[in-house]
Enquirer: 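The structure's right below; bear with me while I get my questions together.
Every number for a ligand or one of its atoms is a count from 1 in the order of the listing.
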Amino acid sequence: MQVNHFLQFNDFSREEFEYLFERTRWIKHEFKQYRRYWPLVDRTMAMIFDKHSTRTRLSFEAGMHQLGGAAIYLSMRDTQLGRGEPVEDAARVISRMVDIVMIRTHEHDIVRRFAAHSRVPVINGLTDEYHPCQIMGDIFTFIEHSGSISGKTVAWIGDSNNVCNTWLQAAEIFDFNVHVSTPPGYEVEPERAGLYGTDHYEEFADPHDAVRDADLVTTDVWTSMGFEAETEERKKDFADFRVDSEMMACARKSTVFMHCLPAHRGEEVEAAVIDGPQSIVWEEAENRLHTQKALMEYLLLGRVDDPAGPSPVTGN
Ligand code: CP
Ligand code: NVA
């Protein structure tokens, strides 16, 4: 049985993302009109978390409710997974009880193994290596705000982490460039990033050079979840990689700033930037909801021909 999963950004083609963004625009519009759209009545999602979350949990849980379904939150340590139940066994059991699963955990291999034994679609809600739902929302946000991302330049400043890796995968799919600037020792690892080549990114020692000509400047925490033991060392190593007003001034006035959040003002970003006129971080956060609703609809129902979706319980 062929089951579609969303584990890495490059699991989907550009054409699939374009379809998802079209659905996102419609779903967002209906939501803003307070119109009910319940294509997922009687569908249940299990959300398994082994790391903290605000946006990912809320957007999936609220999104599932808004589509007429239900979502169940499972903290990994409260389940038998936290006491050593094999991931494969948990996948076999959980996927017999729910229709779709979202997992946020440490090594990407855990999500891969779960999906390999799941009867239902599995979504990666962040691993140490990737955060595909974030970049799906981010690219939708960029397009909504600034138009097509193809041929544009994204500047990534800071750690070459899960979010950076996913931007790099997206660059190959949407054909844009990423200027990456990391401190020495924190460079991109193309294999770990899951890249096909190195054509879509360029590394810059000086972050000011990376943001010149960028249409979008983005960054993330210096210490990702799971790497807390390195916090003090990273604060020293990343001190010159804060996105501040002076750095943004090297880019154009029309350049936007994004951050997946949560942010640490005064560390990776200056308050004047994240709270300033070029920042679109709140739109970015909101779009997690709308893009993931389109994703759940697609994974559970496939393509819906009728623009209003398959037999929705409109209630209107
Ligand atoms: N950006 C993001 O995934 O946020 P959370 O960690 O709050 O889910
Ligand atoms: N890179 C961060 C992203 C949080 C949404 C982390 O993994 O903690």
Enquirer: Any N or O on Leu126 sitting closer than 3.5 Å to an N or O of ligand 1?
Expert: no
Enquirer: In this structure, which one of Glu144, Gln33, His290 forms a side-chain hydrogen bond (donor to acceptor under 3.5 Å, both in side chains) with Lys28?
Expert: Glu144
Enquirer: Please list the nearest protein heavy atom to atom 4 (C) of ligand 2 with its residue and the distance rounded to 0.1 Å.
Expert: Leu126 CD1, 3.9 Å
Enquirer: Side chain, backbone, both or neither: which part of Thr56 has a heavy atom under 4.0 Å from ligand 2?
Expert: neither
Enquirer: Over 60° means perpendicular and under 30° means parallel, so tell me whether Phe17 and Phe9 are parallel, tilted or perpendicular.
Expert: parallel
Enquirer: Checking contacts here: is it the side chain or the backbone of Leu261 that comes within 4.0 Å of ligand 2, counting heavy atoms only? Could be both or neither.
Expert: backbone
Enquirer: Are any of the N/O atoms in Pro262 less than 3.5 Å from those in ligand 1?
Expert: no
Enquirer: Please write down residue, atom name and distance for the protein heavy atom closest to atom 8 (O) of ligand 2.
Expert: Met225 N, 2.8 Å
Enquirer: What atoms of ligand 1 come within less than 4.0 Å of a heavy atom belonging to His131?
Expert: 2 (C), 3 (O)
Enquirer: Purely on distance, is any nitrogen or oxygen of Arg57 under 3.5 Å from one on ligand 1?
Expert: no
Enquirer: Do ligand 2 and Asn162 have nitrogen or oxygen atoms that lie under 3.5 Å from each other?
Expert: yes
Enquirer: Parallel, tilted or perpendicular: which one describes the rings of Tyr19 and Tyr298, with boundaries at 30° and 60°?
Expert: tilted
Enquirer: Classify the ring geometry of Phe241 against Phe238: parallel below 30°, tilted from 30° to 60°, perpendicular beyond 60°.
Expert: perpendicular
Enquirer: What residue and heavy atom of the protein are closest to atom 2 (C) of ligand 1, and at what distance?
Expert: Arg288 NH1, 3.4 Å
Enquirer: Near Asn161, which atoms of ligand 2 are under 4.0 Å from a heavy atom of that residue?
Expert: 1 (N)
